[in-house]
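Comments concern the structure below.
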Amino acid sequence: MLDIRQIPVLSDNFVYLVREPQSGAVAVVDPAVSEPILEEAKRLGWKITHILNTHHHPDHVGGNMEIKEATGCVIVGPGHDPDRIPGMDVQVMDGETYDLGTEKAQVFFVPGHTRGHIAYWFKDSDALFCGDTMFSIGCGRLFEGTPQQMWTSLKRLRALPPATKIFCAHEYTESNIRFAVSVDPENEALRKRAHEVKALRAAGKPSVPSLLGEEQAANPFLRADAPELAAAMGMAGRDPVDVFAEVRRRKDVF
Ligand code: ZN
Ligand code: FE
């Protein structure tokens, strides 16, 4: 099982340190910055061997070169986006797996937020690192993709086991919930998640990771094909892609 540590950086980013205990391999997922990550690894006595990038945005690759310089680690990133990941050594593609010691990461190409975005699923540890594709009760903005692409990407992630822990890259959950209840007010699972997150945040704790099973029931961006959500939005019977596009549009102006 992977040992996963969450490091909050910048205003709302999460960087993850992931250790595979048998080999001692340690990956940093989406290093926004370098210093706090190098410090935490040192404190833990962990030697960083890899960086895993999900996409090219500065708050996900900003620490790449300094961490590589300090540790000599291998940078793994999307082969779907070969030119925008600083220092990338290994390009991985949809359907491939990448070995971190004895643990395998399965790669999902999930365009929508950016045109080259990927996610890493460590099946044996029930862990998904999905960058800015899925958030708890939210999804990434469509900077470089269409609603059709993002909906397809989210449906692929939604199909993973409900026990999958969603290690997304931002603490956006409270504001996502404020929006979600505006489009899906009768959703019991969403209300439950809202209470849970309120308590976590009041106690100064992160709301991430969440469980995919909870997201499947409560995240409106995963529910564009749920008749109850379409009906609540005045879009009964409409194509899920249209419903998804409208949920995303309303969130953009919320
Ligand atoms: Zn991003
Ligand atoms: Fe981001």
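Numbering of ligands and ligand atoms starts at 1, following listing order. Computed over heavy atoms, backbone and side chain alike; hydrogens, waters and symmetry mates excluded.
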query = Does H50 have any ring pair (Phe, Tyr, Trp, His ring centres under 6.0 Å) partners at least two apart in sequence or in another chain, and if so, which?
reply =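 Scan of H50 (ring pair (Phe, Tyr, Trp, His ring centres under 6.0 Å), adjacent residues dropped) gives Y98.
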Under 2.8 Å from the Zn ion (ligand 1) - does any N, O or S atom of [X] fall there?
{"X": "H113", "result": "yes"}
{"X": "H60", "result": "no"}
{"X": "D59", "result": "no"}

Please find out if the Fe ion (ligand 2) and some N, O or S atom of [X] are separated by less than 2.8 Å.
{"X": "H55", "answer": "no"}
{"X": "D30", "answer": "no"}
{"X": "H57", "answer": "no"}

query = Does a donor on one side chain and an acceptor on the other come within less than 3.5 Å for T152 and Q149?
reply = no
message = Checking side-chain polar atoms at under 3.5 Å, does S125 have a donor or acceptor matched by the opposite partner on E103?
response = yes
[X], N/O/S atom nearest the Zn ion (ligand 1):
{"X": "D132", "result": "OD2"}
{"X": "H57", "result": "ND1"}
{"X": "H55", "result": "NE2"}

inquiry  = Taking ring-ring contact (aromatic ring centres under 6.0 Å, His included) as the criterion, tell me which of Y16, W121, F122, F14 meets it with F167.
reply    = Y16
message = What do you get for the angle at the Fe ion (ligand 2) between NE2 on H60 and OD2 on D132, to the nearest 10 degrees?
response =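 Value, to the nearest 10 degrees: 90°.
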ask   = Can you tell me the angle formed at the Fe ion (ligand 2) by NE2 of H170 and OD2 of D59, to 10°?
value = 80°
request  = State whether E246 and R238 are salt-bridged, where the test is any N-O pair (Lys NZ or Arg NE/NH1/NH2 against Asp/Glu carboxylate O) under 4.0 Å.
outcome  = no
query = Is the closest basic N to carboxylate O distance between D184 and R223 below 4.0 Å?
reply = yes
task = Indicate yes or no: at least one non-hydrogen side-chain atom of R250 is less than 4.5 angstrom from one of V183.
result = yes
Check: residues 129-140 side-chain donor-acceptor pairs under 3.5 Å, at least two apart:
| from | atom 1 | to | atom 2 | distance (Å) |
| --- | --- | --- | --- | --- |
| D132 | OD1 | H60 | NE2 | 3.2 |
| D132 | OD1 | H170 | NE2 | 3.3 |
| D132 | OD2 | H55 | NE2 | 3.3 |
| D132 | OD2 | H60 | NE2 | 2.9 |
| D132 | OD2 | H113 | NE2 | 3.2 |
| T133 | OG1 | H117 | ND1 | 3.2 |
| T133 | OG1 | H117 | NE2 | 3.4 |
| S136 | OG | R193 | NE | 3.3 |
| S136 | OG | R193 | NH2 | 2.8 |
| S136 | OG | E215 | OE2 | 2.7 |

